[in-house]
**Q** 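Submitted below is the structure of interest, expressed as structure tokens.
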Amino acid sequence: LNLLKKRLKRYLDFVPFYLIGSGFAFTVDLTIFTILRTNFGTNYSAFISYIFGTITSFSILLFITKYRLSKKRIGLLIHLIIGLITLIINLVVLNTIDYITQIFNYNLYTNILNKSNYYALFTKTLSSCIGFLWTSYMTGKLLFKKK
């Protein structure tokens, strides 16, 4: 129980710093996904936006937190792996929402929602909130800590 308390405290101490980096990364990720989704679809748009969001997050966290590792290339690789798992979480949520929406009203999805940037914005925001817990915990545990 004490170990759990210690880990939770360390996580909560790190989250405000992570919010800055993830806030910028989320903005980049969300903007790119929203713009690209209507032309490239959910999966390709999510992958492209993930790359830009991950690089943004890593770069900002390098400036505002203390880096745990000695080599930045290894850290970027670890950050990309953490982000890749987050991407998988996002894709599961995004595709599940699309699937449920299609079952609920296929014509609405096909004729309106699938072509809507607002729908893309809403679904990506929801999936990113779910993936945030995993990403923030692992980034704080493996790569960065508060200064």
Side-chain angles (χ1 to χ4, degrees), residues 7-69 71-147:
R7 286 186 179 177
L8 182 61
K9 183 185 179 329
R10 187 171 52 184
Y11 172 74
L12 292 175
D13 286 343
F14 175 72
V15 165
F17 295 95
Y18 183 77
L19 282 173
I20 296 168
S22 70
F24 282 103
F26 177 70
T27 302
V28 168
D29 189 348
L30 187 62
T31 301
I32 292 171
F33 180 80
T34 301
I35 291 168
L36 296 180
R37 187 190 175 280
T38 55
N39 293 322
F40 293 106
T42 298
N43 296 335
Y44 290 124
S45 301
F47 182 74
I48 293 167
S49 66
Y50 142 77
I51 295 291
F52 285 97
T54 300
I55 292 170
T56 301
S57 171
F58 188 77
S59 300
I60 291 173
L61 287 172
L62 278 175
F63 287 112
I64 64 171
T65 60
K66 186 174 180 183
Y67 189 60
R68 291 184 188 270
L69 304 176
K71 294 184 179 182
K72 290 184 176 91
R73 275 187 256 157
I74 293 171
L76 181 57
L77 178 64
I78 292 170
H79 199 69
L80 286 169
I81 291 168
I82 292 168
L84 188 59
I85 294 169
T86 305
L87 174 65
I88 292 168
I89 292 168
N90 276 268
L91 287 173
V92 167
V93 172
L94 289 167
N95 287 307
T96 300
I97 292 170
D98 285 352
Y99 179 74
I100 291 170
T101 306
Q102 288 177 33
I103 288 174
F104 178 70
N105 191 335
Y106 183 78
N107 288 331
L108 173 68
Y109 175 81
T110 305
N111 297 327
I112 298 171
L113 296 178
N114 197 36
K115 299 172 186 173
S116 170
N117 286 337
Y118 295 113
Y119 176 77
L121 178 72
F122 172 76
T123 57
K124 182 63 174 167
T125 301
L126 183 62
S127 71
S128 293
C129 289
I130 294 168
F132 174 83
L133 294 173
W134 156 262
T135 308
S136 61
Y137 177 74
M138 294 307 291
T139 301
K141 180 178 178 152
L142 300 176
L143 296 174
F144 299 98
K145 59 184 174 181
K146 72 177 192 173
K147 285 188 177 183

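All of these numbers come straight from a predicted model, not from anything done at the bench.
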**Q** Taking atom CZ of Phe24 as the centre, report whether more than 12 heavy atoms of other residues, nucleotides or ligands fall under 6.0 Å from it.
**A**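 Counting other residues, nucleotides and ligands, CZ of Phe24 stays at 12 neighbours or fewer.
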**Q** As an exercise, state the distance from CZ of Phe26 to OG of Ser128, rounded to the nearest 0.5 Å.
**A**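 Phe26 CZ to Ser128 OG: 5.0 Å, rounded to 0.5 Å.
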**Q** Can you give me the closest heavy-atom contact between Phe132 and Ser22, atom names plus distance?
**A**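 Closest heavy-atom pair between Phe132 and Ser22: CE1-OG, 3.6 Å.
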**Q** Would one find more than 12 heavy atoms of other residues, nucleotides or ligands at under 6.0 Å from atom CZ of Phe52?
**A**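 Result for CZ/Phe52: open.
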**Q** Could you give the distance from CG (Leu76) to OG (Ser59), rounded to the nearest 0.5 Å?
**A**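 The CG atom of Leu76 sits 8.0 Å away from the OG atom of Ser59.
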**Q** Measure the OG1-CZ distance between Thr65 and Phe17 for me, rounded to the nearest 0.5 Å.
**A**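 Between atom OG1 of Thr65 and atom CZ of Phe17 there are 8.5 Å.
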**Q** Kindly say whether Ile112 contributes a backbone atom to a donor-acceptor pair with the side chain of Ser116 at under 3.5 angstrom?
**A**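 Checked: no pair found.
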**Q** Is the shortest side-chain heavy-atom distance between Ser45 and Lys124 below 4.5 Å?
**A**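 No, every pair of side-chain atoms sits at 4.5 Å or beyond.
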**Q** Once rounded to the nearest 0.5 Å, what's the spacing between atom OH of Tyr119 and atom CD1 of Ile97?
**A**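 Result: 6.5 Å between the selected atoms.
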**Q** Given 3.5 Å as the limit, does a donor-acceptor pair link the side chain of Arg37 with the main chain of Asn114, or not?
**A**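 Yes; judged by distance alone, with no hydrogens or angles, the pair exists.
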**Q** Only pairs under 3.5 Å count here: list side-chain donor-acceptor contacts from residues 137-144, not counting sequence neighbours, and write none if there are none.
**A**
from	atom 1	to	atom 2	distance (Å)
Thr139	OG1	Thr135	O	2.7

**Q** Grab the two heavy atoms, one from Tyr11 and one from Ser136, that are nearest each other, plus how far apart they are.
**A**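 Smallest interatomic distance, heavy atoms only, reads OH-OG, 2.7 Å.
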**Q** Check Ala25 against Gly53 and note the closest heavy-atom contact, atom names and distance.
**A**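 Answer, listing the atom of Ala25 first, then Gly53: CB-O, 3.1 Å.
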**Q** Any idea which heavy atoms bring Gly21 and Ile60 closest together, and the distance?
**A**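 Between these two residues, the closest heavy atoms are CA-CG2, 3.6 Å.
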**Q** Using the side chain to side chain contact (heavy atoms under 4.5 Å, CB included) definition, which of the options Asp98, Val92, Val93 pairs with Thr96?
**A**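 Looking at Asp98, Val92, Val93, the match for Thr96 under the side chain to side chain contact (heavy atoms under 4.5 Å, CB included) is Val92.
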**Q** Considering the options Thr123, Asn43, Ile100, which one meets the side chain to side chain contact (heavy atoms under 4.5 Å, CB included) requirement together with Asn95?
**A**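 Among Thr123, Asn43, Ile100, the one that satisfies the side chain to side chain contact (heavy atoms under 4.5 Å, CB included) with Asn95 is Asn43.
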**Q** Okay, side chain of Thr125, backbone of Leu121: is any donor-acceptor separation there less than 3.5 Å?
**A**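 Yes, the answer is positive, given that a donor and an acceptor are paired below the 3.5 Å cut-off.
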**Q** What is the distance from atom CH2 of Trp134 to atom CD1 of Ile89, rounded to the nearest 0.5 Å?
**A**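 Nearest 0.5 Å value for the CH2-CD1 distance: 7.0 Å.
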**Q** Which residues pass the side chain to side chain donor-acceptor pair (under 3.5 Å) test with Ser127, sequence neighbours left out?
**A**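 With sequence neighbours excluded, Ser127 shows a side chain to side chain donor-acceptor pair (under 3.5 Å) to Asn90, given in chain and number order.
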**Q** Once rounded to the nearest 0.5 Å, what's the spacing between atom CD1 of Ile82 and atom OG1 of Thr54?
**A**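 Result: 9.5 Å between the selected atoms.
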**Q** Has Tyr50 got a side-chain atom pairing as donor or acceptor with Leu80's backbone, closer than 3.5 angstrom?
**A**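 A pair under 3.5 Å: yes.
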